[in-house]
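First comes the structure, then the notes that go with it.
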Amino acid sequence: MSDDAAKPLILWFRKDLRLDDNHALHAACRTGRPIIPLYIREPSSSGTGPLGGAQAWWLHHSLASLTASIEALGGTLNLVSGDALDVLGAVIKKTGADTVMWNRRYDPPGIAIDTRIKRELEQQGLDAQSFAGQLLHEPSRLKTGGGTPYRVYTPFWRALEGAGEPPHPVDAPRKVEFGPELAASETLTSWKLLPTKPDWAKDFDEVWTAGEEAARERLADFLDESLDGYKSDRDFPARQSTSMMSPYLALGVISPARIWEETRGLDVPADDLVHFRKELAWREFSYHLLFHFPKLPYANWNDRFDGFEWSNSETHFRAWTKGMTGYPIVDAGMRQLWKHGFMHNRVRMIVASFLIKDLMIDWRRGEAWFRDTLVDADPASNAASWQWVAGCGADAAPFFRIFNPVLQGEKFDRDGAYVREFVPELAALDTKYIHKPFAAPQSVLDKADIRLGETYPKPIVDHATARDRALKAYNAVKDAA
DNA sequence: AATAATTTCGG
DNA sequence: CGAAATTAT
């Protein structure tokens, strides 16, 4: 027996901050060799992009939770910042490790980094092993009959259904043999991931608890209380009826295969179950698109939109970000985002439609704002969804599908509970006018102590006028080659 | 995962 | 004549 058997291996954590259903960890344990858990803080210049402010907060707490889980098993999560290849090289040199294991990531810059690392390590005679698990299926696996990537969601969903059940998750190991802590390990606080404006994220923890245990509890509560009726209830932002899994999925604190597994065999209407699974499939579709069209985060998927004349009104953009547009459902959504690092899905569509169609501001500015302020910021879902609303994406809503913020409010926030929660200056307004204070008689406004233009803004654009303007601008590009 | 305008339906 | 269905954007 050679002493190779005792050589440690590096388990490189990335967007898989979990012990459950972690195929790299599972494989590492099976080798019987000491494991060195490592998280590398890669510089944004490496191409992985700047870490959004809200997600930095979430990453801090998720890493703290993973550290605690690993410590409970007798190990340490080593934290090292720097270029990933340099860090891995240094750790290998220091520890004598000859193997690196990780779970694959699917954002194009991440893929490029990993491909290079794998090649370099193998050239040095080292072993680099990557595993699946961030998605239900590898993005290259599902193909149309013609062998091309899917461009339309429904056939993609059918293919996903027809691809057989996703792999069963593997449980977290009960025992792990760890290698020694690295001398180079840094402290989490030294990374300064928490926002420097302490008042910004102060309310995030009203809604978000980091870590695997919290994710599993939240999932269990959702499946127990909200899956029955999910298909219709999910559209009402004042109801607690969506799964809230996206922040956990974004950093891999829970795996999609685990979520899928937990939905098996439940006694709920098939419609509700399928609809929830279809939301997981939208995430898969987004990654499928990003994988096959790496420019998704910044280039119009449909390049006919390259000639679209966007507005560059900074005043309008700022009013949108602050939730001061004068349309209550839009403002409530933008303020929920600022307060909790999250926004209900229905409202995301409404505010995105408002930015793109009513303000005619480039979807990329909205995408960037969401990337910075969403705890669940995800390169695939965020980019694909903005392009979807803009009408320039794959299987997108046609551009002329323009949300009316008043009607959307009245339809999905009938009693105004959502608006009243996040736009407190309108809380006392008569329900009849809660989504259109600008149409309320003076006496009604007086009664609610609202002075339009002072305590709450007048609409920054007239929706009907803005709608016509957007349709005209669209007509100018729609017949272009 | 839409809305507004227009036409048809039912009384 | 208002509601529901259809159609254009």
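The figures that follow rest on heavy atoms only: side chains count, while hydrogens, waters and symmetry mates do not. Chain letters run A, B, ... following the sequence lines, proteins first and then strands; every chain starts at 1.
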Checklist entry - Between A:Arg346 and A:Gln408, does any side-chain donor sit less than 3.5 Å from a side-chain acceptor? => result yes
Next on the checklist: Measure CZ/A:Phe399 against P/B:dA4 and give the value in whole Å, please.
Outcome noted: 15 Å
Using the 3.5 Å cut-off, write out each protein N or O paired with an N or O of nucleotides 5-9 of chain C and the distance between them.
none

Checklist entry - Do A:Ser130 and A:Arg104 have a side chain donor and acceptor closer than 3.5 Å? => result yes
Item to check | Value in whole Å for how far the C1' atom of B:dA5 lies from CG of A:Asn404 | outcome: 14 Å
Checklist entry - Once the angle between the rings of A:Tyr287 and A:Tyr106 is folded into 0 to 90°, is it parallel (under 30°), tilted (30 to 60°) or perpendicular (over 60°)? => result perpendicular
Checklist entry - Parallel, tilted or perpendicular for A:Phe285 and A:Tyr153, by the 30°/60° rule? => result perpendicular
Next on the checklist: If I take atom CD1 in residue A:Ile350 and atom C1' in nucleotide B:dT3, what distance separates them, rounded to the nearest angstrom?
Outcome noted: 13 Å
Checklist outcome for this item: Between CD1 of A:Ile329 and C1' of B:dA2 the distance, given in whole Å, is 15 Å
Next on the checklist: Between P on B:dA2 and CE on A:Met349, what's the gap in Å once rounded to a whole number?
Outcome noted: 7 Å
Next on the checklist: If you take the centroid of each ring, where Trp contributes its six-membered ring, are A:Phe156 and A:His288 closer together than 6.0 Å?
Outcome noted: yes
Next on the checklist: In whole Å, I'd like the distance from the CG atom of A:Asp462 to the C1' atom of B:dA4.
Outcome noted: 15 Å
Checklist entry - Roughly how many Å is it from NZ in A:Lys357 to P in B:dA2, rounded to a whole number? => result 10 Å
Checklist entry - Roughly how many Å is it from CD1 in A:Ile356 to P in B:dA2, rounded to a whole number? => result 14 Å
Checklist entry - With a 6.0 Å cut-off on ring centres, are A:Phe412 and A:Tyr418 close enough? => result no
